[in-house]
Engineer: 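Questions regarding the structure given below will be posed in turn.
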Amino acid sequence: MVSKVLIANRGEIALRVIRACRELGIKSVAVHSAADDKAMHVRLADESVCIGPASAAKSYLSIPAIVAACEITGADAVHPGYGFLSENAKFVDILDEHNIGFIGPTAEHIRIMGDKIAAKAKAIELGIPVVPGSDGEVKTVEDALVVGRTMGFPVLVKAASGGGGRGMKIATGEDDLAEAFTTARTEAKAAFGDDAVYIEKYLEKPRHIEIQVACDTHGNAVHLGERDCSLQRRHQKVLEEAPSTVLDDKARAAIGKICTDAMKGLGYRGVGTVEFLYENGAFYFIEMNTRLQVEHPVTEAITGIDLVREQIRVAQGEMLSFTQDDVTLSGHAIECRINAENAETFTPSPGTIQTYHAPGGLGVRMDSAVYSGYAIPPHYDSLISKLIIHADDRDACLMRLNRALGEFAIDGVETTIPLFERLLPNKEFQAADYDIHWLEKFLGMK
Amino acid sequence: MVSKVLIANRGEIALRVIRACRELGIKSVAVHSAADDKAMHVRLADESVCIGPASAAKSYLSIPAIVAACEITGADAVHPGYGFLSENAKFVDILDEHNIGFIGPTAEHIRIMGDKIAAKAKAIELGIPVVPGSDGEVKTVEDALVVGRTMGFPVLVKAASGGGGRGMKIATGEDDLAEAFTTARTEAKAAFGDDAVYIEKYLEKPRHIEIQVACDTHGNAVHLGERDCSLQRRHQKVLEEAPSTVLDDKARAAIGKICTDAMKGLGYRGVGTVEFLYENGAFYFIEMNTRLQVEHPVTEAITGIDLVREQIRVAQGEMLSFTQDDVTLSGHAIECRINAENAETFTPSPGTIQTYHAPGGLGVRMDSAVYSGYAIPPHYDSLISKLIIHADDRDACLMRLNRALGEFAIDGVETTIPLFERLLPNKEFQAADYDIHWLEKFLGMK
Amino acid sequence: MAKLPSNKTIKDLAELLGETGLTEIEIETGDMRIKVARQGTAVSAVVPAAAPVAAAPEPALTPETVPDTAPADHPGGVKSPMVGTAYLAPEPGAGNFVKVGDTVNEGQTILIIEAMKTMNPIGAPKSGKVTQILISNEQPVEFDEVLMIIE
Amino acid sequence: MAKLPSNKTIKDLAELLGETGLTEIEIETGDMRIKVARQGTAVSAVVPAAAPVAAAPEPALTPETVPDTAPADHPGGVKSPMVGTAYLAPEPGAGNFVKVGDTVNEGQTILIIEAMKTMNPIGAPKSGKVTQILISNEQPVEFDEVLMIIE
């Protein structure tokens, strides 16, 4: 059993874990940098330890400092949150050596999923669909045609030694395949001195859909449906929602079963997320995140399941508190990431929050690490609050989100709240008619 | 259809209604006294009108002022909240005359349920169980014995002309009935010059359990389970929870059906609460509240139903958005009423809130009308915030409540938060082993 | 010797300190200088940034348009005793009860406020000269809203 | 007598203070000068009332027990470069590296901090006299915690 958890993180996720610990009657230890001595996670934990200077590399990312903090506080387990050391296999190895529990998967699983190539190979082995590609180099137009016909057009001809978009050509069909193939080879030769090319399925307007899984050490693996995280800016998720409007129960159950079968095959432990691109009814594996995600509250809202509590249960060797049959999805949920950033330029806006008043009422959850008078340090990421809305259906959820944003008061720093206020009246957003490129287009359109 | 709702109330309940209106795309009008010009409901409504001086009698209770406010703003319906004019039949009549909708039941139903004697008679007629009593005066010990045997002991022998506890004797069984009867008559004669007595069932340790009902104008009446509001101080509810630990599904369904049958018989419209004393498996009608109640969020938490939205739907002539079969109770919910009062003496503590920081995270709902810098006026009741906790079961709910109270920061005025912090470690409270007298005993024990 | 400011002036300023959360107000005008201060943490009210503006009719005065004395504080202000619709004339087409420059007697009807279909004649609270009429005919008025100035 | 500025003017200025984050506004125009100020616009941090006290070892100094210079601010303070367990002696039973009154040379080992089973010798940051030892043997120490004073 876990009796004292050290949270190797800061900000709202540290608070999230402290809350779960307190609700389980488990003591919590906050660690913090010298810049975070007035942070909310320090205030609310049972104990706190300053582990290093402001620099994350010397504090939140310092394995020796965190292990030493466990030693002096007697913490018997570490929750890594997300980011920082949450997907660092070496950290898990060292904790194992020191007999400190890690609330997360094994080092081996972190290692596999942290390596793009190994992860894709493992996904294929586990039966998870990946982006189809030629089996290595394609040497002739004729071979390219065979590959293209097999996987379906459009396809992407890519330089084997390539990068940065050079030596990369799209063939929309058989007609322009020869040209794309030849041009790509020529460009590849010119740019990289190597004309080897391979072919991959090209996704034009994919959505980002991810499946939440939870597994215990008794062989149980359950999926909790998907989250649609297509609204991204520079590969950063901005708004997440569940369920996705493009999946029906059958599609959800099918991809869910693929993921849980894979997790059983892997012998995975704890919570994790299998991320996919989704286009025309098909899923294509991107990566697996072997940790709790920022957007996990969206799933908590529609399933009623406390994911952090389950993480701790699993780390204690308990069974998941639910089976697949127990999981029902109810209503619709949206999370808005409130960053301390200018809502147009996305320039970070650290500073002191003069006024903080959070929205309340039915269907509103706030996961926030800030308060009136709190000085946001410039050293870390700019996520300060998450606003999670739950309602009966997507339309009601949008209406509730609108009213909640209207109640939100943060003065003293700029936030991304105005971005969501701009987004809400947009017809395409209202219709969930978007893909992973949509938000950047919307922002450029302004 | 309702296009603009005037909220004839203030404080957190005014906010509650404004939120529901905004989520339905309906305009809201706040009315306020001169003392409330900086109140949150004024800030958040689409429009606001000052209707009178600080005195509630001349503002929130002034029917002409409120009707005039409807006229000048073009509001086509009034939501009365709770308290103030919410159970004033004359107000409803006047609104009817002015063609302004009332989001609540008919004047007739308010009138019946507002009269203790008429309400009890109507309850009997509708098949709702009431506290059994003799059919008028009981003249002899022999007759008393028959009555006692019929309704079961203990019974209360009460002076017909009595009051203040005089001429009132408890008979615990047949053995002491004769003595109680004779003494009561003698005391009644001495105290009131009239020795007429009657007999009522005596409840020793009842709980206060109330059934939430919702009805539309299409003949549908649905119950949403019960709330246990036994924790009271001077007949004021302090903490409410649902489900009650003393009811099982069968008992819940049975009393629920009695209530919905009664509502169908009455032709009731909107939401309402049938309040009972509950002892030894039996329900005894106290009264019916023909309005939204302070503690309605407890029911919203376990049913996922937005009661204010349903009120507005019904007022628009729509059907309830659910049937009895759709209603499922999920988990456990507790509401704490946070009053601006000293937590030991319960002396009101109006003043300026220096710091306000609400708890957040999973399963926490705040319905609050205050903010940092808000001056609580001394003219109205002291309820400033409601903290509503939802979790999988009662134990988890208590743990979550504990952690949420620990996050709550209100400085500048005294609040009843410390009362809940004292209550939480109490074994009897933890076991829900309480009746309507328990809290006062707990407070006296200190 | 210059006049001292009246107690009322100082009391008003002291009240203003409390209302505004200021710790000090200093006024110097001609040969007079007034400074009032109150120490201690003055708490300023948090205004939710995104709160919609209440549509209640309240004149939004910018510094340029501030009259010598704001109507709400004018000693000759006639405040509305009720919420309703104000009528400046006894009936449509008729002349107004009063106009700027008129001299009125205490109790003389200066306008009507309709509330719940009832016409409530509003009498002048004191005798004097009507210097400002701050509302227009058929305008909705709130409780305590200043309707006219009689000096 | 010249007219006083209206309350509205002052209220507007007060609002402007809040909006701009200024602490004082002073206006002088013709024969009028207005100054408004609000103290401590620096917002003080909200401390959740019920936040449990962090158990991290931090001396809880009351005003009575504050030394002339708090250790954290003492110019001769030797701050811990890491989190871990402090040892004043090289091994159990052995004498301490230093004691109060000792003169030490820069770089001389004055204590050991153990972190992750590794013993890290901590050298004196400068030569001088040990005037205070603020920790006891085997005490857990945080990053930046003042361990000794060398003057």
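Chain A is the first sequence line, chain B the second, and so forth, proteins listed ahead of strands; every chain is numbered from 1.
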Engineer: Where on A:L24 is there a heavy atom nearer than 4.5 Å to chain B: the side chain, the backbone, both, or neither?
Structural biologist: backbone
Engineer: Side chain from CB out, backbone as N, CA, C, O: work out which of these in A:D392 comes under 4.5 Å of a heavy atom of chain B, or both, or neither.
Structural biologist: side chain
Engineer: Considering only heavy atoms and a distance below 4.5 Å, find which of B:V308, B:D306, B:N402 pairs most often with chain A.
Structural biologist: B:D306
Engineer: Out of A:R365, A:E300, A:E295, A:E240, which residue meets the side chain to side chain contact (heavy atoms under 4.5 Å, CB included) rule with A:I388?
Structural biologist: A:R365
Engineer: Using side chain to side chain contact (heavy atoms under 4.5 Å, CB included) as the criterion, point out the one residue from B:V327, B:D326, B:V222, B:V298 that pairs with B:T303.
Structural biologist: B:V327
Engineer: Do the side chains of A:R22 and B:M399 get nearer than 4.5 Å, heavy atoms only?
Structural biologist: no
Engineer: Is there a side-chain contact between A:I353 and A:Y371, using heavy atoms and a 4.5 Å cut-off?
Structural biologist: no
Engineer: What's the verdict on side-chain hydrogen bond (donor to acceptor under 3.5 Å, both in side chains) for A:T299 and A:R227, showing C-alpha distance, side-chain angles and the deciding distance?
Structural biologist: CA-CA 7 Å; A:T299 298; A:R227 293 182 290 261; 2.7 Å; yes
Engineer: For residues B:E241 and B:H332, is any side-chain donor paired with an opposing acceptor at under 3.5 Å?
Structural biologist: yes
Engineer: Between A:R400 and chain B, which part of the residue has a heavy atom less than 4.5 Å away: side chain, backbone, both or neither?
Structural biologist: both
Engineer: Where on B:R16 is there a heavy atom nearer than 4.5 Å to chain A: the side chain, the backbone, both, or neither?
Structural biologist: side chain
Engineer: Looking at B:R19, B:E12, B:M366, which has the largest count of heavy-atom pairs under 4.5 Å with chain A?
Structural biologist: B:R19
Engineer: Between chain B and each of A:I18, A:L362, A:L398, A:D395, count heavy-atom pairs under 4.5 Å; write down the option with the most.
Structural biologist: A:L362
